[in-house]
Asker: 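Take this structure first; my questions come after.
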Amino acid sequence: MAFPEASATTSYVHGYSEREAARLGDQADTLAALVHAGTAYPAGSRVLEIGCGVGAQTVHLAQACPGARITAVDHSAASLAQARARVAAQAPGADVEWYHADLFDLPFPDAEFDHVFVCFVLEHLSDPRRALAALRRVLRPGGTITVVEGDHGSALFHPASAYARAVIECQVRLQSAADGNALVGRELQPLLARAGYDDIMVRPRTVYADQTRPALVEGFTRNTFIAMVESVRDEALAAGLTTAADWDRGITDLHLTAQADGTFHYTFFKAVAVNPSTVDTVPPDGTSRFPSAYAARAR
């Protein structure tokens, strides 16, 4: 089933390959403590996960919040099928319902959820403020939203390399061309404020990897970050953003940061905010109608 793209969604720049699904799993496992620390929803609470993808974060959300009633939504039916299988295998017994739906046309009543969890989603949206405003409709007054995003501008590494920096910039430019924003992490506070949330708290979550942290070198530097950049080689060349020689040199130099003398640093940003108890009118362009003609409940 295809979903209308006129809302504010954009294509997933990393693609839907098996390799990308594996990368998402590696990323979620490696960053579980960083992403989910401080997130523990009470048993019985109603939690909406938007953009669950292949369920890489859903597994850890369920494990961190036993007893929570999780509703996981994604616009890709294929990703949802993978998510269901992943959760069944890794978090059996988790209370998860699956919905094939568009963020801007959610098939839920107003104030249906106590908490909303959004991880690595805003970077792929052309209008993240509108998305955050739309989510206020289904979040009860006084409920919380948690948003986690990265920022490719925060990548610092040794040995320094202009070629390595350039291939990262290729990924940033390609995501921008697809109406996304690989630098959105730095914007979370103003985005949430403009969407009408209160009590906004944003904290940096830093990943630093060197030879004394081999699990992070393998799980994050190689299998998460470098693998993500490597995946856009063909698109970068087709767009004329680089040459094959410069690209290969940049990737080679990036891999040096995962060697014995290399270091790599990256910052994610985690925001928690509250839907005001006295709810004002959600901006007109942040509303969505119910029921959705483009949503199918996956049981």
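Predicted model, so just to flag it, every value in this text is computed and none were measured.
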Asker: CG/Asp179 to NE2/His124 distance, rounded to the nearest 0.5 angstrom?
Answerer: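 Result: 13.0 Å between the selected atoms.
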Asker: Mind checking whether Val202 and Val121 sit in one hydrophobic cluster, side chains of I, L, V, M, F, W, Y counted as touching below 4.5 Å?
Answerer: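 Per the 4.5 Å side-chain linkage, Val202 and Val121 are co-clustered.
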Asker: Picking from Glu187, Glu123, Arg186, what satisfies side chain to side chain contact (heavy atoms under 4.5 Å, CB included) with Asp151?
Answerer: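 Of the listed residues Glu187, Glu123, Arg186, the side chain to side chain contact (heavy atoms under 4.5 Å, CB included) partner of Asp151 is Arg186.
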Asker: How many angstroms lie between atom CZ of Phe113 and atom OG1 of Thr71, to the nearest 0.5 angstrom?
Answerer: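 It comes to 4.0 Å.
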Asker: Given side-chain contact (heavy atoms from CB on, under 4.5 Å), test Leu48 with Phe108 step by step and report yes or no.
Answerer: CA-CA 10 Å; Leu48 173 65; Phe108 309 118; 4.0 Å; yes
Asker: By the definition side chain to side chain contact (heavy atoms under 4.5 Å, CB included), identify the one residue from Asn181, Leu183, Leu188 that meets it with Glu149.
Answerer: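 Of the listed options, the one satisfying the test is Leu188.
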Asker: Where is the tightest heavy-atom contact between Arg136 and Gly196, given as atom of each residue plus distance?
Answerer: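 So the minimum-distance heavy-atom pair works out to NH1-CA, 3.6 Å.
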Asker: Would you confirm whether Arg137, through its side chain, and Leu106, through its main-chain N or O, come within 3.5 Å as a donor-acceptor pair?
Answerer: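 At least one qualifying donor-acceptor pair exists.
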Asker: Among residues at least two apart in sequence or on other chains, which ones pass side chain to side chain donor-acceptor pair (under 3.5 Å) with Thr242?
Answerer: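 None.
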Asker: Should Leu192 and Val272 be regarded as members of a common hydrophobic cluster, given that ILVMFWY residues are connected when their side-chain heavy atoms come within less than 4.5 Å of each other, either directly or indirectly?
Answerer: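 Not linked; separate clusters.
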Asker: Looking at every non-hydrogen atom in both residues, tell me the closest pair between Pro141 and Ala111 and how far apart they are.
Answerer: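 The pair with the smallest heavy-atom distance is CD-CB, 4.1 Å.
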Asker: For Ala239, give me all partners under side-chain contact (heavy atoms from CB on, under 4.5 Å), at least two apart in sequence or on another chain.
Answerer: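 With neighbours one apart ignored, the set is Leu174, Leu241.
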Asker: So, taking the atom named OG1 in Thr146 and the one named CZ in Phe117, what distance separates them when rounded to the nearest 0.5 Å?
Answerer: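 Thr146 atom OG1 to Phe117 atom CZ measures 7.0 Å (nearest 0.5 Å).
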Asker: Apply side-chain contact (heavy atoms from CB on, under 4.5 Å) to Ala258 and list each qualifying residue two or more places apart in sequence or on a separate chain.
Answerer: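 Applying side-chain contact (heavy atoms from CB on, under 4.5 Å) to Ala258 gives Val217, Thr221, Arg222.
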Asker: For a quick test of reading the model, state the closest non-hydrogen atom pair linking Leu135 to Ile50 and the distance between them.
Answerer: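 Residues Leu135 and Ile50, closest heavy atoms: CD2-CG1, 3.7 Å.
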Asker: Just how far is it from atom CZ of Phe220 to atom CD1 of Ile226, taken to the nearest 0.5 Å?
Answerer: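 Rounded to the nearest 0.5 Å, the CZ-CD1 separation comes to 9.5 Å.
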Asker: By side-chain contact (heavy atoms from CB on, under 4.5 Å), which residues pair with Gln63, not counting sequence neighbours?
Answerer: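 Scan of Gln63 (side-chain contact (heavy atoms from CB on, under 4.5 Å), adjacent residues dropped) gives Val59, His60, Ala91.
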Asker: Taking only residues two or more places apart in sequence or in another chain, which ones pass ring-ring contact (aromatic ring centres under 6.0 Å, His included) with Tyr197?
Answerer: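 Not a single residue meets the ring-ring contact (aromatic ring centres under 6.0 Å, His included) criterion with Tyr197.
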Asker: If you apply the rule side-chain contact (heavy atoms from CB on, under 4.5 Å), what do you find for Val229 with Ile251, and how did you get there?
Answerer: CA-CA 8 Å; Val229 176; Ile251 293 297; 4.0 Å; yes
Asker: When you compare the side chains of His255 and Glu230, does any donor N or O come within less than 3.5 Å of an acceptor on the partner?
Answerer: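 Result is yes, a qualifying pair exists.
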Asker: Could you report the tightest heavy-atom contact between Trp247 and Cys170, atom names first, then the distance?
Answerer: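 So the two residues come closest at CZ3-CB, 3.9 Å.
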Asker: Filter on salt bridge (charged side-chain N to carboxylate O under 4.0 Å, His left out), then keep only pairs touching residues 45-73, sequence neighbours left out; what's left?
Answerer: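 As it turns out, the salt bridge (charged side-chain N to carboxylate O under 4.0 Å, His left out) pairs with a partner in residues 45-73, which skip direct neighbours, are Arg46-Asp114.
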Asker: Start with the C-alpha distance between Val147 and Leu132, add both sets of side-chain angles, then the distance that settles side-chain contact (heavy atoms from CB on, under 4.5 Å), and finish with yes or no.
Answerer: CA-CA 10 Å; Val147 184; Leu132 292 169; 4.1 Å; yes
Asker: Do the side chains of Trp98 and Thr58 get nearer than 4.5 Å, heavy atoms only?
Answerer: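 In contact.
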Asker: Show the nearest heavy-atom pair for residues Ala155 and Ile168, with the distance to one decimal.
Answerer: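 In this case the closest contact between Ala155 and Ile168 is CB-CD1, 4.4 Å.
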Asker: With sequence neighbours left out, what residues match Thr206 under side chain to side chain donor-acceptor pair (under 3.5 Å)?
Answerer: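 So Thr206 forms no side chain to side chain donor-acceptor pair (under 3.5 Å) with any residue.
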Asker: Can you list everything that forms a side chain to side chain donor-acceptor pair (under 3.5 Å) with Asp248? Sequence neighbours excluded, please.
Answerer: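 Asp248 satisfies side chain to side chain donor-acceptor pair (under 3.5 Å) with Arg233 only.
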Asker: Assess whether side-chain contact (heavy atoms from CB on, under 4.5 Å) is satisfied between Ile70 and Val87, documenting all intermediate values.
Answerer: CA-CA 12 Å; Ile70 300 171; Val87 170; over 6 Å; no
Asker: So which pairs with a foot in residues 153-165 pass side-chain hydrogen bond (donor to acceptor under 3.5 Å, both in side chains), sequence neighbours left out?
Answerer: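 Of all non-adjacent pairs touching residues 153-165, those that pass side-chain hydrogen bond (donor to acceptor under 3.5 Å, both in side chains) are Ser161-Asp253.
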Asker: According to side-chain contact (heavy atoms from CB on, under 4.5 Å), who are the partners of Ala193, at least two apart in sequence or on a separate chain?
Answerer: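 Ala193: side-chain contact (heavy atoms from CB on, under 4.5 Å) contacts with Gln189, Ile200.
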Asker: At what distance, to the nearest 0.5 angstrom, does CG of Asp102 lie from CG of Asp74?
Answerer: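 Asp102 CG to Asp74 CG: 10.0 Å, rounded to 0.5 Å.
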Asker: Say you draw a straight line from CG of Leu80 to NE2 of His75; how long is it, rounded to the nearest 0.5 Å?
Answerer: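 The CG atom of Leu80 sits 9.5 Å away from the NE2 atom of His75.
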Asker: The criterion is side chain to side chain donor-acceptor pair (under 3.5 Å); which residues satisfy it with Asp210, sequence neighbours excluded?
Answerer: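 Listed in chain order: Tyr208, Thr212.
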Asker: Compare all side-chain heavy atoms of Leu191 with those of Val184 and state whether any distance is below 4.5 angstrom.
Answerer: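 They are in contact (side-chain heavy atoms under 4.5 Å apart), so the answer is yes.
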Asker: Does Arg173, at its CZ atom, have more than 12 non-hydrogen atoms belonging to other residues, nucleotides or ligands within less than 6.0 Å?
Answerer: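 No, the 6.0 Å shell around CZ holds no more than 12 heavy atoms from other groups.
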Asker: For a quick test of reading the model, state the closest non-hydrogen atom pair linking Pro42 to Ser45 and the distance between them.
Answerer: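 Taking Pro42 first and Ser45 second, the nearest heavy atoms are O-OG, 2.5 Å.
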Asker: Determine the interplanar angle of the Phe264 and Phe157 rings, folded into 0 to 90°, and report it as parallel if under 30°, tilted if 30 to 60°, perpendicular if over 60°.
Answerer: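 Aromatic pair Phe264/Phe157 classed parallel.
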Asker: Consider only side-chain heavy atoms of I, L, V, M, F, W and Y, link residues closer than 4.5 Å, and tell whether Phe225 and Leu256 are in one cluster.
Answerer: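 No.
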Asker: Listed by chain and number, what are the ring-ring contact (aromatic ring centres under 6.0 Å, His included) partners of Tyr41, not counting sequence neighbours?
Answerer: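 Tyr41: ring-ring contact (aromatic ring centres under 6.0 Å, His included) contacts with His115.
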